[in-house]
Amino acid sequence: QVQLVESGGGLVQAGGSLRLSCAASGRTVLRYGMAWFRQAPGKEREFLATISATGDTTYYGDSVKGRFTISRENAKNTMYLQMYSLKPEDTAVYYCAARTVVGGATQEYLFRYWGQGTQVTVSS
């Protein structure tokens, strides 16, 4: 079993930056592909970025490409999402997720483990 805990969310002004962390415990996620999603009020959960187990392959959703960077530090069992040039429309609850295979993915149903989410609010 894997437990995922997100942190680093908060309130930031438009144009600002935040770095989210996703700490895994219970079992190493060394061999697991992982991803970040978000869900804004009244909207469906949206894929943001995914990373392979080794970190050598990443893929981004169109809405965050060029502004967000996904990375991982397997020695610390932690994944990150560095967010730049934040916009009010980035306001949402951000979730990390882990698969049980090495590759990343973009679809929710491919991820077995989910964190509880961290709120990011971007003011205009």
Side-chain angles (χ1 to χ4, degrees):
Q1 191 72 8
V2 173
Q3 292 80 43
L4 302 175
V5 178
E6 302 93 338
S7 62
L11 175 64
V12 63
Q13 288 189 333
S17 302
L18 278 176
R19 188 177 81 155
L20 305 183
S21 298
C22 173
S25 62
R27 180 182 290 182
T28 180
V29 293
L30 192 67
R31 297 186 182 88
Y32 296 168
M34 300 183 73
W36 287 96
F37 293 80
R38 69 184 178 191
Q39 188 166 22
K43 295 188 177 182
E44 294 186 351
R45 195 171 294 185
E46 176 189 12
F47 164 77
L48 300 179
T50 191
I51 188 166
S52 62
T54 59
D56 59 351
T57 302
T58 60
Y59 181 79
Y60 295 90
D62 289 340
S63 63
V64 302
K65 196 175 298 182
R67 296 191 300 125
F68 291 8
T69 301
I70 190 172
S71 63
R72 63 191 298 163
E73 196 169 355
N74 284 342
K76 295 185 177 180
N77 235 17
T78 301
M79 178 179 66
Y80 305 98
L81 186 68
Q82 179 67 55
M83 306 186 292
Y84 298 102
S85 303
L86 284 162
K87 307 173 184 178
E89 50 264 45
D90 293 319
T91 295
V93 178
Y94 284 66
Y95 299 91
C96 65
R99 307 184 68 194
T100 56
V101 295
V102 298
T106 64
Q107 296 170 294
E108 292 182 52
Y109 76 93
L110 293 173
F111 292 84
R112 177 176 291 185
Y113 303 108
W114 290 84
Q116 293 300 306
T118 185
Q119 176 71 46
V120 172
T121 303
V122 184
S123 63
S124 57

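In what follows, residues are counted from 1 in the order of the sequence shown.
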Considering all heavy atoms of both residues, which atom of [X] and which atom of [Y] are nearest to each other, and what is their separation?
X: Leu81; Y: Ala49; value: CD1-CB, 4.4 Å
X: Glu108; Y: Trp114; value: O-CZ2, 3.7 Å
X: Thr50; Y: Met34; value: OG1-O, 2.8 Å

Is there a donor-acceptor pair closer than 3.5 Å between any side-chain N or O of [X] and the backbone N or O of [Y]?
X: Arg99; Y: Gly104; answer: yes
X: Thr57; Y: Ser52; answer: no
X: Asn74; Y: Ala53; answer: yes
X: Glu6; Y: Gly117; answer: yes
X: Arg72; Y: Gly55; answer: no
X: Thr118; Y: Tyr94; answer: no
X: Gln82; Y: Thr69; answer: no

In this structure, are over 12 heavy atoms from other groups packed under 6.0 Å from Tyr59 atom OH? no

Does this structure show an ion pair linking Asp90 with Lys87, if we count only N-O contacts that are shorter than 4.0 Å? no

Using side-chain hydrogen bond (donor to acceptor under 3.5 Å, both in side chains), reason through Tyr80 and Glu73 one step at a time and then give a plain yes or no. CA-CA 8 Å; Tyr80 305 98; Glu73 196 169 355; 3.1 Å; yes

Show, in sequence, the C-alpha distance, side-chain angles and deciding distance for Tyr60 and Arg67, and conclude whether the side-chain contact (heavy atoms from CB on, under 4.5 Å) test is met. CA-CA 10 Å; Tyr60 295 90; Arg67 296 191 300 125; over 6 Å; no

